[in-house]
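Have a look at the structure below before the remarks.
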Amino acid sequence: MRRFVPVLIWMWTVGICLSLLLSCANREKKKATNGPKTMEKYRKPGVIESLEFHMTPGEEDGFILADKKTWLPFLQTYPAFIRKEYWKDCKKQGVVRIVIYWESLSGWKSVTDVEQQKVYDNFHKLFPKENYELRSSTQYKYVGGYGETIK
(Lines give C-alpha, C1' and ligand atoms only; values in the text may rest on other atoms or scores of the structure.)
Protein backbone atom coordinates (compact mmCIF):
# COMPACT_ATOMS: atom_id res chain seq x y z
CA MET A 1 0.00 0.00 0.00
CA ARG A 2 2.85 2.36 0.83
CA ARG A 3 4.23 1.99 -2.68
CA PHE A 4 0.98 3.03 -4.31
CA VAL A 5 0.51 6.29 -2.37
CA PRO A 6 3.35 8.15 -4.16
CA VAL A 7 2.11 6.79 -7.50
CA LEU A 8 -1.44 8.00 -6.76
CA ILE A 9 -0.16 11.43 -5.74
CA TRP A 10 1.96 11.59 -8.88
CA MET A 11 -1.04 10.58 -11.07
CA TRP A 12 -3.27 13.13 -9.32
CA THR A 13 -0.68 15.89 -9.90
CA VAL A 14 -0.27 14.97 -13.57
CA GLY A 15 -4.08 14.96 -13.99
CA ILE A 16 -4.40 18.44 -12.50
CA CYS A 17 -1.59 19.76 -14.70
CA LEU A 18 -3.18 18.28 -17.83
CA SER A 19 -6.61 19.71 -17.01
CA LEU A 20 -5.05 23.16 -16.44
CA LEU A 21 -3.21 22.97 -19.75
CA LEU A 22 -6.37 21.92 -21.59
CA SER A 23 -8.46 24.68 -20.02
CA CYS A 24 -5.82 27.27 -21.00
CA ALA A 25 -5.75 25.91 -24.56
CA ASN A 26 -9.55 26.11 -24.77
CA ARG A 27 -9.49 29.67 -23.44
CA GLU A 28 -6.94 30.67 -26.12
CA LYS A 29 -9.05 28.96 -28.78
CA LYS A 30 -12.12 30.94 -27.61
CA LYS A 31 -10.14 34.19 -27.75
CA ALA A 32 -9.14 33.40 -31.31
CA THR A 33 -12.75 32.80 -32.40
CA ASN A 34 -14.03 35.89 -30.55
CA GLY A 35 -11.34 38.13 -31.99
CA PRO A 36 -11.67 41.03 -34.40
CA LYS A 37 -14.96 39.97 -36.02
CA THR A 38 -16.81 40.02 -32.71
CA MET A 39 -15.13 43.25 -31.66
CA GLU A 40 -15.96 44.80 -35.04
CA LYS A 41 -19.54 45.48 -33.91
CA TYR A 42 -18.17 47.68 -31.11
CA ARG A 43 -16.56 50.20 -33.44
CA LYS A 44 -17.73 53.69 -32.59
CA PRO A 45 -20.50 54.87 -34.87
CA GLY A 46 -20.59 58.31 -36.42
CA VAL A 47 -24.28 58.12 -37.27
CA ILE A 48 -27.16 56.02 -36.01
CA GLU A 49 -30.22 55.46 -38.17
CA SER A 50 -33.50 54.62 -36.40
CA LEU A 51 -36.50 53.26 -38.30
CA GLU A 52 -39.93 52.50 -36.83
CA PHE A 53 -42.21 50.10 -38.69
CA HIS A 54 -45.83 49.27 -37.96
CA MET A 55 -47.52 46.06 -39.07
CA THR A 56 -50.31 43.70 -38.12
CA PRO A 57 -49.71 42.41 -34.57
CA GLY A 58 -48.04 39.01 -34.67
CA GLU A 59 -46.18 39.70 -37.93
CA GLU A 60 -43.07 41.14 -36.26
CA ASP A 61 -40.98 37.95 -36.39
CA GLY A 62 -41.71 37.45 -40.10
CA PHE A 63 -40.76 41.05 -40.80
CA ILE A 64 -37.48 40.73 -38.88
CA LEU A 65 -36.65 37.41 -40.57
CA ALA A 66 -37.25 38.90 -44.04
CA ASP A 67 -35.02 41.84 -43.12
CA LYS A 68 -32.26 39.54 -41.85
CA LYS A 69 -32.37 37.56 -45.09
CA THR A 70 -32.26 40.59 -47.42
CA TRP A 71 -31.18 43.89 -45.91
CA LEU A 72 -28.67 42.65 -43.37
CA PRO A 73 -26.42 40.72 -45.82
CA PHE A 74 -26.61 43.63 -48.25
CA LEU A 75 -25.59 46.21 -45.64
CA GLN A 76 -22.76 43.98 -44.40
CA THR A 77 -21.02 44.49 -47.74
CA TYR A 78 -20.48 48.19 -46.92
CA PRO A 79 -17.34 49.04 -44.93
CA ALA A 80 -19.11 51.89 -43.08
CA PHE A 81 -21.83 49.56 -41.77
CA ILE A 82 -21.19 48.53 -38.15
CA ARG A 83 -24.25 46.66 -36.94
CA LYS A 84 -28.02 46.43 -37.00
CA GLU A 85 -30.38 45.87 -34.07
CA TYR A 86 -34.02 44.83 -34.02
CA TRP A 87 -36.34 45.98 -31.23
CA LYS A 88 -39.96 44.98 -30.61
CA ASP A 89 -42.12 47.44 -28.68
CA CYS A 90 -42.98 46.00 -25.25
CA LYS A 91 -46.24 47.93 -24.97
CA LYS A 92 -47.55 47.91 -28.54
CA GLN A 93 -47.72 44.80 -30.69
CA GLY A 94 -46.98 45.24 -34.35
CA VAL A 95 -44.18 47.78 -33.86
CA VAL A 96 -40.56 47.05 -34.79
CA ARG A 97 -37.72 49.52 -34.46
CA ILE A 98 -34.55 48.91 -36.42
CA VAL A 99 -31.40 50.71 -35.32
CA ILE A 100 -28.48 50.79 -37.76
CA TYR A 101 -25.03 51.93 -36.72
CA TRP A 102 -22.82 53.54 -39.36
CA GLU A 103 -19.21 54.63 -39.15
CA SER A 104 -19.97 57.86 -41.03
CA LEU A 105 -22.77 59.73 -42.75
CA SER A 106 -20.89 59.58 -46.07
CA GLY A 107 -20.54 55.80 -45.69
CA TRP A 108 -24.27 55.47 -45.06
CA LYS A 109 -25.15 57.72 -48.00
CA SER A 110 -22.87 55.70 -50.31
CA VAL A 111 -25.69 53.14 -50.59
CA THR A 112 -27.27 53.96 -53.97
CA ASP A 113 -30.99 54.10 -54.74
CA VAL A 114 -30.59 51.50 -57.49
CA GLU A 115 -28.97 49.02 -55.09
CA GLN A 116 -31.60 49.72 -52.45
CA GLN A 117 -34.43 49.07 -54.92
CA LYS A 118 -33.07 45.58 -55.68
CA VAL A 119 -33.04 44.77 -51.96
CA TYR A 120 -36.55 46.22 -51.51
CA ASP A 121 -37.79 43.96 -54.31
CA ASN A 122 -36.24 40.88 -52.66
CA PHE A 123 -37.57 41.92 -49.25
CA HIS A 124 -41.09 42.38 -50.64
CA LYS A 125 -41.04 38.85 -52.04
CA LEU A 126 -40.64 37.64 -48.44
CA PHE A 127 -42.77 40.30 -46.73
CA PRO A 128 -45.20 42.23 -48.98
CA LYS A 129 -45.11 46.03 -48.76
CA GLU A 130 -48.86 46.10 -48.07
CA ASN A 131 -48.19 44.39 -44.72
CA TYR A 132 -46.10 47.13 -43.10
CA GLU A 133 -45.62 50.88 -42.96
CA LEU A 134 -42.54 52.96 -42.16
CA ARG A 135 -43.81 55.44 -39.55
CA SER A 136 -40.60 57.26 -38.65
CA SER A 137 -37.04 57.57 -39.83
CA THR A 138 -34.53 59.49 -37.75
CA GLN A 139 -30.78 59.91 -37.85
CA TYR A 140 -28.64 60.68 -34.85
CA LYS A 141 -25.07 61.86 -34.59
CA TYR A 142 -23.13 59.75 -32.11
CA VAL A 143 -21.62 61.91 -29.34
CA GLY A 144 -20.43 59.35 -26.81
CA GLY A 145 -21.26 56.32 -24.75
CA TYR A 146 -20.97 55.36 -21.11
CA GLY A 147 -17.74 56.69 -19.65
CA GLU A 148 -16.78 58.60 -22.80
CA THR A 149 -16.08 62.31 -22.82
CA ILE A 150 -18.69 64.14 -24.89
CA LYS A 151 -17.16 66.52 -27.41
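- Under the 4.5 Å side-chain heavy-atom criterion for grouping Ile, Leu, Val, Met, Phe, Trp and Tyr, I64 is connected to F123 within one hydrophobic cluster.
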Salt bridge (Lys or Arg N to Asp or Glu O under 4.0 Å) evaluation trace for R135 with E52 = CA-CA 6 Å; R135 290 271 177 96; E52 183 178 288; 5.9 Å; no
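- Residues passing the salt bridge (Lys or Arg N to Asp or Glu O under 4.0 Å) test with K129, sequence neighbours excluded: none.
- Distance check, rounded to the nearest 0.5 Å: CH2 of W87 to CD1 of I98 gives 13.0 Å.
- Under the 3.5 Å distance criterion, with hydrogens and angles disregarded, a donor-acceptor pair is assigned to the side chains of T112 and E115.
- Counting heavy atoms from C-beta outward, N122 and F74 have side chains that stay 4.5 Å or more apart.
- M55 and Y120 end up in the same hydrophobic cluster when Ile, Leu, Val, Met, Phe, Trp and Tyr side chains are linked at under 4.5 Å.
- Shortest non-hydrogen contact noted between P73 and D67 is CD-O, 4.5 Å.
- Annotation: side chain of L51 is in contact with side chain of I100 (closest heavy-atom distance under 4.5 Å).
- Taking CD from Q76 and NZ from K84, the interatomic distance works out to 9.5 Å, rounded to the nearest 0.5 Å.
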message = Please determine whether side chain to side chain contact (heavy atoms under 4.5 Å, CB included) holds for the pair Y86 and R97, giving the CA-CA distance in whole Å, both sets of side-chain angles, and the decisive distance to 0.1 Å.
response = CA-CA 6 Å; Y86 302 90; R97 180 170 299 278; over 6 Å; no
request  = Before giving the answer on side chain to side chain contact (heavy atoms under 4.5 Å, CB included), spell out for T70 and K125 the whole-Å C-alpha distance, their side-chain angles and the decisive distance to 0.1 Å.
outcome  = CA-CA 10 Å; T70 56; K125 288 176 188 173; over 6 Å; no
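- In the hydrophobic clustering of this structure, L75 does not group with L126; members are Ile, Leu, Val, Met, Phe, Trp, Tyr whose side-chain heavy atoms approach within less than 4.5 Å, directly or through other members.
- Defined by atom type and a distance below 3.5 Å, a donor-acceptor pair is present between the side-chain atoms of Y101 and E85.
- Heavy-atom minimum distance, Q139 versus W108: OE1-CZ3, 3.2 Å.
- In this structure, T56 contributes its side chain and E59 its backbone to no donor-acceptor pair below 3.5 Å.
- Side chain of E60 to backbone of G58: a donor-acceptor contact under 3.5 angstrom is found.
- Of all heavy-atom pairs between Y140 and S50, the closest is CE1-CB, 3.8 Å.
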request  = Apply ring-ring contact (aromatic ring centres under 6.0 Å, His included) to F127 and F53, showing your working.
outcome  = CA-CA 13 Å; F127 200 89; F53 295 93; 9.5 Å; no
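- In the hydrophobic clustering of this structure, L65 does not group with V96; members are Ile, Leu, Val, Met, Phe, Trp, Tyr whose side-chain heavy atoms approach within less than 4.5 Å, directly or through other members.
- Of all the heavy atoms in V47 and S104, the pair that sits closest is CG2-C, 4.0 Å.
- Contacts of H54 classified as ring-ring contact (aromatic ring centres under 6.0 Å, His included), with partners at least two apart in sequence or in another chain: none.
- Looking at Q117 and D121, their side chains do bring a donor and an acceptor atom within 3.5 Å of each other.
- Separation of atoms CD (E49) and CH2 (W102) is listed at 7.0 Å; rounding is to 0.5 Å.
- Both F63 and W71 belong to a common hydrophobic cluster when Ile, Leu, Val, Met, Phe, Trp and Tyr are linked at side-chain heavy-atom distances under 4.5 angstrom.
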